[in-house]
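Contents: one structure, followed by commentary.
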Amino acid sequence: MENSKIKAFIPLLYLVWSDDLLTQKEFTTLQEFITSLTMLSPEEQQYLLSKVDISNPPSRNELTEWKSDIEKSIKDKSSIKSIFDIAVALSDKDLNISGLELKFTKLENDLGVLGEELIQNFKTKADSFTASSQTNTNFDVQKITEILDGTEAAIIKKVKSVISRPEFAYETSTDINVYRQTVYNWCKILADENLGNMAYPKQYGGGENIADYFAIMEILSYHDLSLVIKFGVQFGLWGMSVQSLGTEKHYAKYLKDIGSLKIPGCFAMTETHHGSNVKGLETTATYNHNDQTFTIHTPHEKAQKEYIGNAAVHGQMATVFAKLIIDGHDHGVNAFVVPLRDTNGNVLNGITIGDCGHKMGLNGVDNGTIRFDNVVIPKENMLDRFASVTDKGEFESPIPSDNRRFFTMLGTLVGGRIGIPRSALAAAKSGLTIAIRYSDQRRQFGPEGGSEVPILNYRMHQRRLLPHLAKTYAVHFGLQYLTSRFLNRTESEMQDIEALAAGMKSYSTWSTRDILQECREACGGKGYLSENRINALKNDTEIYTTFEGDNTVLMQLVAKNRLAEFRKSFGEMGSFGIINYVYENARTAIAEKNPIITRKTDDEHLLDNQFHLQAFVHREKTILASAARRIKKLIDEGLEAYDAFNVVQHQMIDVAEAYLERVVLEQFQITIEKVEDVKTKEILLKLNQLYALSQIEKNKGWYLEDGYMEAVKTKAIRKMVNQLCWDIRPDAVSLVNAFDIPESCLAAPIAV
């Protein structure tokens with residue numbers, strides 16, 4: 001029996017037998033539904049009932065025929081939302097069943113099925129937009145590589161060529177001593193290529209190019225991160241401390257040999273009980289006027305130098321930070337060159353060196369402890385650019401303030417806080433390249449009757465990786481800006497640059513930590529295999545959040561700098577100043593916080609870069625004013641300033657984060673404005689929009705509390721983030737390929 005009426009009920013029949021989850025009770029529900037249809041004749045009812053008899057299932061051919069009939073009848077699948085819609089299509093629309101819509105809806109509810117799920121059964125591979133999304137190259141990859149490399153393109157090309165040589169094949173031995181020696185040998189090759197001395201003056205064999213030095217650090221990070229840290233300790237911390245804190249006599253004596261690796265050395269600042277608090281260091285350098293010497297001494301076990309790179313095996317000398325004592329008077333922390341070993345590697349008298357041993361990562365770096373037992377060094381070994389001892393044995397400095405002298409001395413070492421975040425950025429790029437390439441090839445699940453689908457096509461997988469990709473591009477341009485400011489610095493802006501460097505170090509290394517964790521998980525079991533390198537990237541960059549300053553401590557330094565800037569603008573943070581600032585900010589915000597704007601959800605508005613920047617600026621200013629107001633209130637109520645800052649520490653982190661997010665977004669936008677190629681500009685703009693909106697989404701709780709946005713808008717932003725991920729997906733592989741990481745460095749089989 002086959003007529004228009006019967007055809008209308010084929011979807012129900014197919015639903016019964018294609019879903020093996022229906023219970024006896026649900027079969028009974030179906031039978032009651034059929035017998036309630038007065039439009040059917042007794043014969044038609046009996047026929048349909050025979051088809052929902054649990055003891056008499058249809059043949060495979062009959063089931064296939066029903067599915068075929070349904071697929072043929074559905075021309076426009078976008079209009080099909082329910083079982084009833086399919087029934088109407090199958091009845092050729094010549095049967096008046098409009099009165100049955102409520103009954104069909106009730107049936108769906110009673111059976112606990114969704115019409116949308118049933119419809120998916122009738123979509124072939126060709127119908128599935130998830131399955132059909134694929135990788136394209138909609139822009140010139142080389143053009144983006146050129147933008148990323150900038151003015152350092154030549155040195156970047158050279159370094160990539162060097163680390164792609166056979167002698168830079170990865171060390172696979174688990175013997176820590178073998179690994180350390182391999183890393184040392186790599187450093188020697190780089191020194192022979194004149195890459196280690198790149199930042200030193202030309203008259204001492206150097207390249208006199210700090211910009212290229214930073215680029216070298218970043219590109220080496222595509223290879224082995226133990227190499228990067230060993231390289232950074234030797235040529236950066238050890239060599240640059242001599243260059244930055246010493247004078248001509250030190251340059252002539254040491255720089256050429258440091259640059260060639262003839263003198264392997266250390267940067268001995270951190271102590272067991274004093275890491276980030278450099279002012280609290282307890283190692284002493286006591287001046288002996290009679291014989292014009294200093295005695296370097298470790299007063300107790302907790303004052304030993306700890307976690308010192310190059311110390312355990314290779315270091316022959318060290319820049320040692322110690323309190324200068326003259327005639328019993330403490331003149332604060334100063335720097336001294338102290339020999340540790342002779343040229344044959346034998347530890348000198350009075351020096352005790354320990355080995356930090358096996359670590360979570362970076363096991364190619366020989367970290368050690370150093371203790372000094374009344375070690376005597378000549379007067380000339382004091383690095384005396386900012387402080388010295390006169391021939392009369394008196395302390396002398398061109399900077400009279402102890403505090404300012406201390407921070408000036410540390411400020412010359414800010415380069416480390418540029419090298420580390422750039423290294424972290426490169427590690428994030430490596431992880432994303434591996435994970436995105438793999439997810440473009442790895443297939444899993446798929447539409448009924450179709451092939452399995454690349455996992456990068458799944459919305460959640462895009463959500464996991466593509467906002468991180470956008471953030472990585474954003475951080476790249478933020479770090480380019482930091483580097484540029486540092487290279488073109490003036491004395492008056494050094495404090496701001498130091499704060500920005502401290503903040504970007506934190507922002508970049510925390511970002512890398514989160515990205516690599518997501519990359520590992522996104523690659524499943526393959527990401528857990530050492531051969532695919534994500535474990536090395538993860539383990540080696542873990543410590544990046546700690547050295548060159550603990551991130552949380554550094555973020556408080558950033559916040560204090562922002563508060564200092566606030567005070568400069570509005571006096572000594574008096575009530576009038578704060579009220580004035582809040583009023584100005586509120587006046588701007590009134591226009592942005594009117595009901596129309598807070599609820600505005602059209603695409604043009606959500607994708608507008610001015611809306612993004614205004615939202616970031618508003619958050620930055622509001623949090624800063626709030627923190628300042630709160631600190632002032634606490635102090636006015638009698639709290640010591642030290643205690644007041646402690647009470648608002650969590651808010652200080654928010655102040656720093658809001659500032660950094662605004663800087664990064666702003667620099668990304670400025671970069672895009674300068675791009676002339678249309679296709680390049682289009683894809684970078686999408687990444688910029690994704691970065692901006694995903695950060696707003698992350699902070700949506702704040703925006704909702706503040707009244708800057710309403711729920712309807714934050715929901716629209718969430719939807720737009722999803723859409724941008726989908727739109728960027730075809731270009732994702734090309735965007736990681738634009739990083740131009742040497743294949744020998746990626747080395748992960750899943751990324752080939």
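All values derive from a computational prediction rather than experimental measurement.
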Result of checking R520, R513, E521 against Q517 for side-chain hydrogen bond (donor to acceptor under 3.5 Å, both in side chains): E521
For the student: nearest non-hydrogen atoms of M555 and L660, plus distance: SD-CD1, 3.7 Å
Salt bridge K471-E518, side-chain N to carboxylate O under 4.0 Å: no
Where at least one partner belongs to residues 164-183, residue pairs that pass ring pair (Phe, Tyr, Trp, His ring centres under 6.0 Å), sequence neighbours excluded: F168-W186, F168-H223, Y170-H223
Worked verdict on D355 versus R180 for salt bridge (charged side-chain N to carboxylate O under 4.0 Å, His left out): CA-CA 12 Å; D355 192 326; R180 286 171 170 181; 2.9 Å; yes
Salt bridge flag under 4.0 Å for residues E208 and K202: no
Which pairs of donor and acceptor atoms, one on a side chain in residues 417-424, lie under 3.5 Å apart (sequence neighbours left out)?
residue, atom, partner, partner atom, Å
R417, NE, E548, O, 2.9
R422, NE, E218, OE1, 2.8
R422, NH1, T483, OG1, 3.1
R422, NH2, E218, OE1, 3.1
S423, OG, S221, OG, 2.7
S423, OG, Y544, OH, 2.8

Derivation and outcome, side chain to side chain contact (heavy atoms under 4.5 Å, CB included), residues L383 and V337: CA-CA 7 Å; L383 295 174; V337 173; 3.8 Å; yes
K157 atom NZ: more than 12 heavy-atom contacts under 6.0 Å: no
Electrostatic pair D740-K160, nearest N-O below 4.0 angstrom: yes
Q181-N185 side chain donor-acceptor pair, cut-off 3.5 Å: yes
Steps toward side chain to side chain donor-acceptor pair (under 3.5 Å) verdict (R729, N457): CA-CA 7 Å; R729 182 269 176 263; N457 285 16; 2.7 Å; yes
Donor-acceptor side-chain pairing of E301 and T272 below 3.5 angstrom: no
Steps toward side chain to side chain contact (heavy atoms under 4.5 Å, CB included) verdict (E193, K158): CA-CA 10 Å; E193 291 286 345; K158 178 178 178 178; 3.8 Å; yes
Distance-minimising heavy-atom pair for L195 and I216: O-CD1, 3.6 Å
Residue pairs fulfilling ring pair (Phe, Tyr, Trp, His ring centres under 6.0 Å) with at least one residue in residues 507-533, sequence neighbours excluded: none
Heavy-atom donor-acceptor pair, R341 side chain to A311 backbone, under 3.5 Å: yes
Atom pair CG (D366) and CG (N310), whose distance is rounded to the nearest 0.5 Å: 5.0 Å
